[in-house]
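We name chains A, B, ... by the order of the sequence lines, and we start the count at 1 in each one. Below, all heavy atoms of this structure are taken into account, side chains as well, without hydrogens, waters or symmetry copies.
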There are 2 protein chains.
Amino acid sequence: MKTVPKRQGKSASRRKEIIQAALACFTERGFTETSMADIRRRSNASTGSIYHHFKSKEQLAAEIYLEGIRDYQAGLLTTLEDQESARGGIFAVVAYHLRWVEAHPDWTRFLFQKRHAEFMDSTDDDFAGMNTEFVQRCSRWFVRHVKAGTLRRLPPDVYLSVLLGPCMEFTRHYVSGRPCTPLDRAIHELGTAAWRSLKTDAARKGVNHENS
Amino acid sequence: MKTVPKRQGKSASRRKEIIQAALACFTERGFTETSMADIRRRSNASTGSIYHHFKSKEQLAAEIYLEGIRDYQAGLLTTLEDQESARGGIFAVVAYHLRWVEAHPDWTRFLFQKRHAEFMDSTDDDFAGMNTEFVQRCSRWFVRHVKAGTLRRLPPDVYLSVLLGPCMEFTRHYVSGRPCTPLDRAIHELGTAAWRSLKTDAARKGVNHENS
DNA sequence: TCATTACTAGAATCCTATTCTAGAATATAG
DNA sequence: CTATATTCTAGAATAGGATTCTAGTAATGA
């Protein structure tokens, strides 16, 4: 994953080491629990070095956060855009989400924990831009199917809420450690629920009304 | 030796003053931004007094968090249990959620921010207990309608995910400050979406199949 | 009234994120 | 290949704020 600018090899590796160490600490001890000293020890970097690369602990976390979101969103988008049928897209997204969560439990926990962190408002445009691009590309896919008559016409924010909201909520439950419905079943149920919410009454299972 | 924590009026008011002050600070400056000194000044309580009532800043926040959740959940439950028809219940819950958010924007922001805080795991049984009671009472309502044939049979965690997930996700958007669909519209759309997900195919708008 | 407990006060402590100063590596120009 | 500038690393010093401590003051109860 390419980060942001064109950093030279030597320094970039230091930077990555720090990020890796920080992520490990954060996921295993929690954000507020881990001290800069922990990160320093684990990465073998000095205080000065860390602060050369990152403005603050918060900003270091933000960086990690963005990297995770980027991976998640990128995968989700290609998954979605690969799907021709409306029904396929809806189910694929739900499955993608839950599989990603299953495959990256630590990441997930961290992302959820930081989801409403204070840096979210003020953070650089990276986040805002990334996010609007995400919404736009999702919308584009949806619009196609709305025009084809397979999906109901809804505002984009409502779309995403209906499609991803249940996944998020279920995930919250999943990472909390309390017992919950097995993932296969959940994928099936949440996919079905989303599909029932979003499809038009005309659309039928498996039938694809794509045309101009 | 009385070990029972019956709070006398005098002390209780101090306690409340501290909670009020803390909430005000947290919502207006954010959790990490506000210092104990801020809370001390705003509440006119001394350091010692604050730490007599609350173990730590975290725990103070947790207390406030619980109070908010309690209010939200209590209202949601009575709203739900007041409704006879399945459809009425679903729509009422969605409306309740978004109206609550509209009426308590500061609370909402704070609750969202703290939703995945680190104290959530380890916190006293208060939270766990409250939460399972909430789930159980919701389930009870659902089960009635499942038996009546108006709602589909789904695992409780999936139920709540499908019903509340979209509300949560929309709320996230709403409190972020970015422009979004007006609340009336959102209530209508999210209610409809949830209803379509959860109703059985037999159930019809307005028709109530309640019986033994 | 005495004794025990709950509460308040604010100074002292302690922890840790951040800043500072200086020195090593590395790149760039001439 | 030097000189010089820039980037990077170090680790000690600082500073800010959460928490603890010690000593008192009000309330309660026998």
Rounded to whole angstroms, how far apart are [atom1] on [X] and [atom2] on [N]?
X	N	atom1	atom2	value
B:Lys57	C:dC15	NZ	C1'	14 Å
A:Phe54	D:dT9	CZ	P	11 Å
A:Ile39	C:dT16	CD1	C1'	12 Å
A:Ile50	D:dA10	CD1	P	10 Å
B:Arg41	C:dT8	CZ	P	19 Å
B:Arg15	C:dA6	CZ	P	14 Å
B:Arg40	D:dG17	CZ	P	11 Å
B:Tyr51	D:dA18	OH	P	7 Å

Taking only N and O in the side chain of [X], is any of them less than 4.0 Å away from OP1 or OP2 of [N]?
X	N	value
B:Arg14	C:dC7	no
A:His53	D:dT7	no
A:Ser46	D:dT9	no

| Of the non-hydrogen atoms in B:Thr181 and B:Phe170, which two are nearest, and what is the gap between them? |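 That closest heavy-atom pairing would be O-CZ, 3.4 Å.
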
| field | Nearest-nucleotide comparison on DNA chain C, the residue closer to the 5′ end among A:Lys55 and A:Glu33 | value |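 The residue mapped nearer the 5' terminus is A:Glu33.
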
| field | Whichever of A:His52 and A:Gly48 has its nearest DNA chain D nucleotide further upstream toward 5' | value |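 Nearer the 5' end of the strand: A:His52.
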
| task | Using ring-ring contact (aromatic ring centres under 6.0 Å, His included) as the criterion, point out the one residue from B:Phe31, B:Phe26, B:Tyr65 that pairs with B:Phe110. | result |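 The residue from B:Phe31, B:Phe26, B:Tyr65 that satisfies ring-ring contact (aromatic ring centres under 6.0 Å, His included) with B:Phe110 turns out to be B:Phe26.
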
| Where the side chain of A:Met36 is concerned, which of C:dA17, C:dT8, D:dT9 is the nearest nucleotide? |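 So the nucleotide nearest the side chain must be C:dA17.
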
| query | So what does B:Thr34 touch, heavy atoms closer than 4.0 Å: a base, only the sugar-phosphate, or nothing? | reply |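 Since only primed, P, OP1 and OP2 atoms lie under 4.0 Å of B:Thr34, the category is sugar-phosphate.
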
| said: Categorize A:Thr47 for me: base, sugar-phosphate, or nothing, with a 4.0 angstrom heavy-atom threshold over every strand shown. | reply: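 It contacts base atoms.
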
| request: Return the orientation label for the B:Tyr159 and B:Phe142 ring planes: parallel under 30°, perpendicular over 60°, tilted otherwise. | output: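 Rings of B:Tyr159 and B:Phe142: parallel, as their planes differ by under 30°.
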
| Within 45° of the six-membered ring axis of A:Phe91 and under 6.0 Å from that ring's centre, is NZ or CZ of A:Arg87 located there? |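 Because its charged atom sits under 6.0 Å from the ring centre and within 45° of the axis, A:Arg87 does stack over A:Phe91.
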
| said: How about CZ on A:Arg153, more than 12 heavy atoms from neighbouring residues, nucleotides or ligands closer than 6.0 Å, or not? | reply: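 Not buried by this count: 12 neighbours or fewer within 6.0 Å.
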
